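One structure is given below, encoded as structure tokens.
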Amino acid sequence: MEIPVFLSYAKPFNQKQTKFILKVAGHLVENGFKPRTLGITDNSTSAPLIKIREIINESHGLLSVAFRRSFIEKGVGKPNTNLTGHTQYDISQKWITSPYCQIEPSMAFQIDMPILIFREKGVIDDGILEKGVVGSYMPEFDLDSSIDQYFKSSEWNQLLAEWKESVLEYKRWKQFKSDVLVRHIISCCICEEKGITFDHLYKAFKMSIDREG
């Protein structure tokens, strides 16, 4: 059975971006995932954020591709600042991605869902795209290089494998959290008290699964 995951990306506007996202989607399917994206696999007459929240809640992981969208030919960050600790900086010849590449991963992060974000070279690394913000490695890809070669690289394959492992664990955690009967049975098996924490219950459940292979 395919595992639903949210595929977040700025809508491609050139052939290289299109090829890249099709490669991403193909690899997800090959790994047993069912990629879902608002406006592509899912449509709704409700407000976009409401439908996005619904899809994310039905998913077990999020992979985001922050493609280039808007080009800044000449720009300045914090122009004419006169406050201590702030410095004006140049953002000329940089790119901005779709705001949904900020919104969707942030929504997933808030519910502890495993997220993996790829940023196209030249896109400004601010907000959730800033390195270190989500606590995991955030790769940058260059569409001027070979796309086929990138998907054969150790970076892509290792990151996808690690994310897949996290998604499977999140799926198991999510199923356990929603199954009141299983939690009650485990609680009775390890403790007669009623005040046992969810984390303690899940740890006992996970240990029993690991022992059984």
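Predicted, not measured: the structure shown is a model, and the values here were computed from it.
- Between Trp163 and Phe33, the distance separating the two ring centers is shorter than 6.0 angstrom.
- Formation of a donor-acceptor pair under 3.5 Å by the Arg53 side chain with backbone atoms of Asn57 is not found in this model.
- In this structure, Arg119 and Val65 have side chains that are not in contact, with every pair of non-hydrogen atoms separated by 4.5 Å or more.
- Classification of Lys74 and Asp90 as a salt-bridged pair fails, no side-chain N sitting under 4.0 Å from a carboxylate O.
- To the nearest 0.5 Å, atoms CD1 (Ile147) and CG (Leu22) are separated by 10.0 Å.
- Ring geometry for Phe13 against Trp95 counts as parallel: the plane angle stays under 30°, on a 0 to 90° scale with 60° as the upper cut.
- Tracing side-chain contacts under 4.5 Å through hydrophobic residues (I, L, V, M, F, W, Y), one never reaches Ile56 starting from Ile3; they form parts of separate clusters.
- A 6.0 Å sphere centred on CD of Glu165 holds no more than 12 heavy atoms belonging to other residues, nucleotides or ligands.
- Of all the heavy atoms in Pro114 and Ser166, the pair that sits closest is CG-O, 3.5 Å.
- Ring geometry, Phe141 versus Tyr150: the interplanar angle falls from 30° to 60°, so the pair is classed tilted.
- Remark: Ser153 OG to Asp148 CG distance equals 11.5 Å, nearest 0.5 Å.
- Under a 3.5 Å cut-off, the side chain of Gln88 and the backbone N or O of Asn80 do form a donor-acceptor pair.
- For the residue pair Pro48 and Leu38, the shortest heavy atom distance occurs at O-CD2, 3.7 Å.
- Residues Thr81 and Thr87 are not in side-chain contact: their nearest non-hydrogen atoms beyond the backbone lie 4.5 Å or more apart.
- At least one side-chain heavy atom of Ser145 sits under 4.5 Å from a side-chain heavy atom of Asp142.
- Considering CG of Leu63 and OG of Ser8, their distance stands at 8.5 Å, rounded to 0.5 Å.
- Between the side chain of Lys164 and the backbone N or O of Asn31, at least one donor-acceptor pair lies under 3.5 Å.
- Between Ile91 atom CD1 and Ile72 atom CD1 the span is 4.0 Å, to the nearest 0.5 Å.
- In this structure, CD1 in Ile117 is found 12.0 Å from CG in Leu159, a value given to the nearest 0.5 Å.
- Counting all heavy atoms, side chain and backbone alike, Leu129 lies closest to Met138 at O-SD, 3.1 Å.
- Note on Asp144 versus Lys121: no salt bridge recorded, every NZ/NE/NH1/NH2 to OD/OE distance being 4.0 Å or above.
- Cluster membership for Ile52 and Val134, using ILVMFWY side-chain heavy atoms within less than 4.5 angstrom, is shared.
- Screening Glu58, Glu54, Glu104, Glu2 for a salt bridge (Lys or Arg N to Asp or Glu O under 4.0 Å) with Arg36, the sole residue that qualifies is Glu58.
- Tracing side-chain contacts under 4.5 Å through hydrophobic residues (I, L, V, M, F, W, Y), one never reaches Ile115 starting from Phe67; they form parts of separate clusters.
- At least one side-chain heavy atom of Ile111 sits less than 4.5 Å from a side-chain heavy atom of Tyr170.
- For Glu120 (side chain) and Arg68 (main-chain N/O), a donor-acceptor pair under 3.5 Å exists by modelled atom type.
- Residue Lys94 places its NZ atom among 12 or fewer non-hydrogen atoms of other residues, nucleotides or ligands, all under 6.0 Å distant.
- Here the CZ-CG distance, from Phe118 to Leu160, works out to 7.0 Å after rounding to the nearest 0.5 Å.
- Although no hydrogens or angles enter the test, the distance criterion places no donor-acceptor pair under 3.5 Å between the side chain of Glu155 and the main chain of Pro139.
- A chain of hydrophobic side-chain contacts below 4.5 Å, direct or via other Ile, Leu, Val, Met, Phe, Trp or Tyr residues, connects Phe109 to Ile55.
- A 4.5 Å side-chain heavy-atom check between Tyr9 and Tyr100 finds every atom pair outside the cut-off.
- When all heavy atoms are compared, the tightest approach of Leu62 to Met113 is N-SD, 3.9 Å.
- Pro35 is listed as a side-chain neighbour of Val29, based on a closest heavy-atom distance under 4.5 Å.
- When the side chains of ILVMFWY residues are joined at heavy-atom separations under 4.5 Å, either directly or via intervening members, Tyr89 and Val76 end up in two distinct hydrophobic clusters.
- Using cut-offs of 30° and 60° for the angle between ring planes, the His27 and Trp156 rings count as perpendicular.
- Considering only heavy atoms from C-beta on, Val5 comes within 4.5 Å of Val167 through its side chain.
- In terms of modelled atom types and a separation under 3.5 Å, the side chain of Ser59 and the main chain of Gly61 share no donor-acceptor contact.
- A donor-acceptor pair under 3.5 Å links the side-chain atoms of Ser92 to the main chain of Gly75, judged by distance alone.
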**Report entry** Verdict with reasoning, Gln175 to Trp173, per side chain to side chain contact (heavy atoms under 4.5 Å, CB included)
**Finding:** CA-CA 6 Å; Gln175 289 174 328; Trp173 173 86; over 6 Å; no
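- Across every non-hydrogen atom of Val133 and Gly127, the tightest pair is CG2-O, 3.5 Å.
- For the residue pair Gln17 and Lys11, the shortest heavy atom distance occurs at OE1-O, 4.4 Å.
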